[in-house]
Amino acid sequence: MTETKPQHADLVIRSARLIDGTGSPSTHGDVAISNDRIVAVGLLGKIAGSYEIEANGKALAPGFIDVHTHDDRALLSDPTMACKVSQGVTTVITGNCGISLAPLSSKSLPPPLDLIADQPGSLFTDFAAYLNALEADPPAVNAAAQVGHSTLRIGALDNLERAATDKEIRRMRNQLDQALEDGAIGMSTGLYYDLASAAPTEEVIELAKSVNDAAGIHTTHMRNEGDHIETSLEESFRIGREADVPIVISHHKVGGLSNHGRSRQTLKMIDEAQTQQAIAFDVYPYVASSTVLGVKRLEAASRIVVTWSKPHPEMSGRDLSDIADEMGCDLIQTAQALAPAGAIYFMMSEDDVRRILSHPNAMIGSDGLPHDDHPHPRLWGTFPRVLGHYVREQGLFTLEEAVRRMTTLPAAQFGLVDRGKISVGSYADLVLFNPETVIDRATFEAPSQTAEGIDLVMVNGRIIWKEGAPTGARPGLALRRQSLGPMGLNPSVGR
Ligand code: ZN
Ligand code: CU
């Protein structure tokens, strides 16, 4: 059957370096779009567009999928989503690290829930209400949302410093089942954090069975990403096997000076597990992490920068050690004085970051914290940093390969049907960028800066970013589980 090309399209983008998302070498050509879909790809001299864009050889790629975000509330409070759109991101996955805004009503916001909720009124008692709010006042980007295990725990347990009882597990499963029915795509855990660290593996397995029932996905901020990282990987694999769910290891890293180099071992473990079960991971391209400011994280870091503080907002952006000197306190006392607060922790090695990024199955996830006063630069810089710094400047892998890790790989992992690829019939989620100049400008000192070299971004056929600014269009969809395909890469696909 030969494909019949239309004679006319809403929009034709001409003379682009087409990077289709599959990792194959780029080609030169045009892309025609009508309504929300790509209708033709190739040399389209015969098709006239109502509107035409001359790409002049710049790169046209599928819009990037940010697989690890905390954009749950930002999608509602700042729907133009400039921090992500300016990087070429067109779809975000929310509800990570065990925290989501729904389903929960609570008078208190224990950390790290305070990273995404600024007041109890930000929460939604049911997941349908959250997704409906997204649809009623849509953001510029598409979003798929997970339920946080810690969010469920806050709703079901009177004391979070213990395992859930059978009755509480049933209650959480009912809530989770309903959320999945409402359109959540899976469940995340943050076993590292106090809200969930008392939860035994068995508690998570029981809940993950609900995720299996809904053919969803399970992502995890593991119990430990430092001294005991291998044990935590084993735990994650076990949850995946026993509940029979695909697992995503979130923001894979090895933290703490004494653990530097251990990514050799952890990637080997992931490779082996991938031959048996669906295991994936994401990574952000920085040697510093960021989360709430807490006493147990102080030792592992060589430098700590405050990102926000409720009682001392004026300390945002400053080094904790400088504040400690000024206050005449030690680091622990200073952290306590600033809490509730957030921080950046310099604790990974460049070699580990490069090794993890270089893995062919590494997805890219920003883990950006959009409500921080002085956020980690990953919020604005992740994707251009991979393309400009790690690909062009450092030659870590090809541009086509980088784009694959940001597009078809995550689309397959999260079941995003007809997204992540430039092909006829796919949604027109696209980014036009200059591969010679694309780079992150966000730094640890000045983090809220748009990237350079991202010329145009389109979601569902509508332009959302142009000439360095949002257009105001908000065509983003809430991607409900029911509209998505199978999740997790089949283990035989492995690598
Ligand atoms: Zn996390
Ligand atoms: Cu996170």
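Because only heavy atoms are used, hydrogens play no part in the values below, and waters and symmetry mates are left out as well, while side chains stay in. Just so you know, ligand 1 is whichever comes first in the structure, and atom 1 is the first atom listed for that ligand.
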Pair D137 + R474: basic N to acidic O under 4.0 Å: yes
Salt bridge flag under 4.0 Å for residues D271 and K268: no
Charged N-O contact under 4.0 Å between E181 and R480: no
Where the Cu ion (ligand 2) is the vertex, angle from H70 NE2 to H68 NE2 to 10°: 110°
D367 atom (N/O/S) at minimal separation from the Cu ion (ligand 2): OD1
Heavy-atom side-chain proximity of L267 to I356 below 4.5 angstrom: yes
Heteroatom N/O/S of H251 within less than 2.8 Å of the Cu ion (ligand 2): no
Salt-bridge contact K253-D367 (side-chain N to carboxylate O under 4.0 Å): no
Vertex the Zn ion (ligand 1), rays to ND1 in H221 and SG in C97 - rounded to 10°: 120°
Under 2.8 Å: N/O/S of H68 next to the Zn ion (ligand 1): no
The Cu ion (ligand 2) to nearest N/O/S of C97 below 2.8 Å: yes
